[in-house]
Amino acid sequence: SYIIEISTTGEVTKIIDVNEAYNALAAPSSPERRIPFAIIEPAAIKERHGTLVLPEPDKNKLQSGDNWSNTKTFSFGPMGSSSYERTYTLKEIKDVNNRELVIVEMNTIPAPEMPQESHGEESDFLDTFDKTGTYTGQLKFDLTSGKVEKYSEKLDSKWSAILPPDRKMTEEPAILVM
């Protein structure tokens with residue numbers, strides 16, 4: 001196990017006692033045995049626990065309809081990356097069993113992408129794909145206890161391409177969807 005410290009905006013600022021988890025694992029000797037180490041790497045811990053983005057502390061008097069935003073980029077290895085501008089909107093604050101519960105929805109739009117480094121034929125192949133996706137989320141936060149009751153994000157990505165037929169035109173174009 002390990003302990004994390006999270007800032008008021010939801011960012012993981014400190015990882016405590018991760019050495020105990022490292023010591024509990026045997027030294028990696030095969031690719032399969034390296035997987036547990038990858039899970040407790042500081043960057044992986046921050047990524048796993050730092051997805052929740054709360055408003056800046058100076059915006060602590062939010063009302064229904066107020067929002068805040070940031071940008072998130074996902075890397076898909078050789079398939080490239082996708083960036084989204086996430087907008088969080090406070091939908092409602094309600095009283096549930098003497099607790100103040102905040103409901104926040106996250107919607108996104110594609111963010112401008114940085115030009116990628118060209119890799120010759122591989123880049124030409126990737127340029128044939130039409131990339132689409134949706135990325136949404138929801139937060140239920142208990143103001144009374146200061147705890148997250150539920151938080152979820154859902155990213156659906158789709159790559160589609162129509163591959164030209166062979167030069168002899170003996171086949172139909174192939175459609176590839178991932």
Side-chain angles (χ1 to χ4, degrees), residues 1-22 35-117 126 129-160 177-178:
S1 67
Y2 53 83
I3 298 169
I4 57 173
E5 183 178 280
I6 299 176
S7 73
T8 56
T9 59
E11 178 185 1
V12 176
T13 57
K14 194 173 187 182
I15 302 167
I16 305 165
D17 293 336
V18 76
N19 289 338
E20 185 179 334
Y22 272 115
I35 293 171
F37 286 97
I39 292 171
I40 59 174
E41 285 295 321
I45 291 171
K46 286 181 177 185
E47 176 71 21
R48 182 169 43 257
H49 297 290
T51 58
L52 174 61
V53 177
L54 298 172
E56 293 295 329
D58 62 341
K59 286 191 164 188
N60 60 1
K61 299 269 185 189
L62 295 174
Q63 299 175 16
S64 290
D66 288 349
N67 59 54
W68 63 97
S69 64
N70 76 340
T71 301
K72 170 86 175 179
T73 300
F74 294 94
S75 174
F76 297 102
M79 292 300 295
S81 63
S82 294
S83 295
Y84 294 89
E85 182 180 341
R86 304 186 290 186
T87 300
Y88 298 86
T89 303
L90 195 152
K91 288 297 185 183
E92 67 178 308
I93 302 172
K94 58 184 179 180
D95 186 48
V96 177
N97 299 328
N98 294 323
R99 297 180 303 138
E100 258 190 315
L101 192 63
V102 174
I103 309 296
V104 176
E105 287 184 3
M106 178 191 76
N107 289 298
T108 63
I109 58 170
E113 299 208 20
M114 301 299 287
Q116 293 186 2
E117 213 177 284
L126 292 178
F129 283 93
D130 178 31
K131 185 169 42 170
T132 61
T134 59
Y135 181 30
T136 58
Q138 186 182 54
L139 164 67
K140 290 182 182 176
F141 189 81
D142 184 338
L143 286 176
T144 307
S145 68
K147 293 183 180 180
V148 173
E149 190 170 289
K150 180 182 177 184
Y151 183 71
S152 64
E153 290 185 6
K154 183 178 180 182
L155 172 65
D156 285 320
S157 289
K158 180 179 175 181
W159 287 272
S160 305
V177 178
M178 293 187 285

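What you are looking at is a predicted structure, and each value in this text was computed from that prediction instead of being measured. Only this structure's heavy atoms are used, side chains among them; waters, hydrogens and symmetry mates stay out.
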Starting at [atom1] of [X], measure out to [atom2] of [Y] and round the result to the nearest 0.5 Å.
X	Y	atom1	atom2	result
Lys72	Leu155	NZ	CG	9.5 Å
Ile103	Thr89	CD1	OG1	13.5 Å
Ile15	Ile3	CD1	CD1	12.0 Å
Glu41	Lys46	CD	NZ	12.0 Å
Leu143	Ile93	CG	CD1	6.5 Å

Are [X] and [Y] close enough for a salt bridge, meaning some N to O gap below 4.0 Å?
X	Y	answer
Lys154	Asp156	yes
Glu105	Lys140	no
Lys147	Asp142	no

Would you tell me whether [X] and [Y] have side-chain atoms, one donor and one acceptor, within less than 3.5 Å of each other?
X	Y	value
Ser83	Thr73	yes
Glu153	Tyr151	yes
Glu92	Ser64	no

What residues form a side chain to side chain donor-acceptor pair (under 3.5 Å) with Gln63, not counting sequence neighbours?
none

Is it the case that the side chain of [X] and the backbone of [Y] share a donor-acceptor pair, with hydrogens and angles ignored and the cut-off at 3.5 Å?
X	Y	answer
Arg48	Ile39	yes
Thr71	Glu85	no
Lys131	Ser81	yes

Is there a side chain to side chain contact (heavy atoms under 4.5 Å, CB included) between Ile45 and Ile4? Walk through the geometry before answering.
CA-CA 9 Å; Ile45 291 171; Ile4 57 173; 3.8 Å; yes

In short, ring-ring contact (aromatic ring centres under 6.0 Å, His included) pairs touching residues 86-110 with sequence neighbours left out are Trp68-Tyr88

Heavy-atom pair of closest approach, residues [X] and [Y]:
X	Y	value
Tyr2	Val18	CB-CA, 4.0 Å
Ala44	Ala38	CB-O, 3.3 Å
Val104	Val102	CG2-CG1, 3.7 Å
Asp95	Glu100	OD1-N, 4.4 Å
Thr144	Asn98	OG1-O, 4.2 Å

Could you go through the side chain to side chain contact (heavy atoms under 4.5 Å, CB included) check for Phe141 and Leu101 one step at a time?
CA-CA 6 Å; Phe141 189 81; Leu101 192 63; 5.9 Å; no

Going through the checks in order, is the side chain to side chain contact (heavy atoms under 4.5 Å, CB included) test met by Val12 and Glu5?
CA-CA 6 Å; Val12 176; Glu5 183 178 280; over 6 Å; no

Does the side chain of Asn67 come within less than 4.5 Å of Leu90's, by heavy atoms?
no

State, with a plain yes or no, whether a side-chain heavy atom of Val148 is found less than 4.5 Å away from one of Leu139.
yes

Using the rule given for side chain to side chain contact (heavy atoms under 4.5 Å, CB included), can you reason through Thr13 versus Ile6, listing the C-alpha separation, both sets of side-chain angles and the distance that settles it, and then say yes or no?
CA-CA 6 Å; Thr13 57; Ile6 299 176; over 6 Å; no

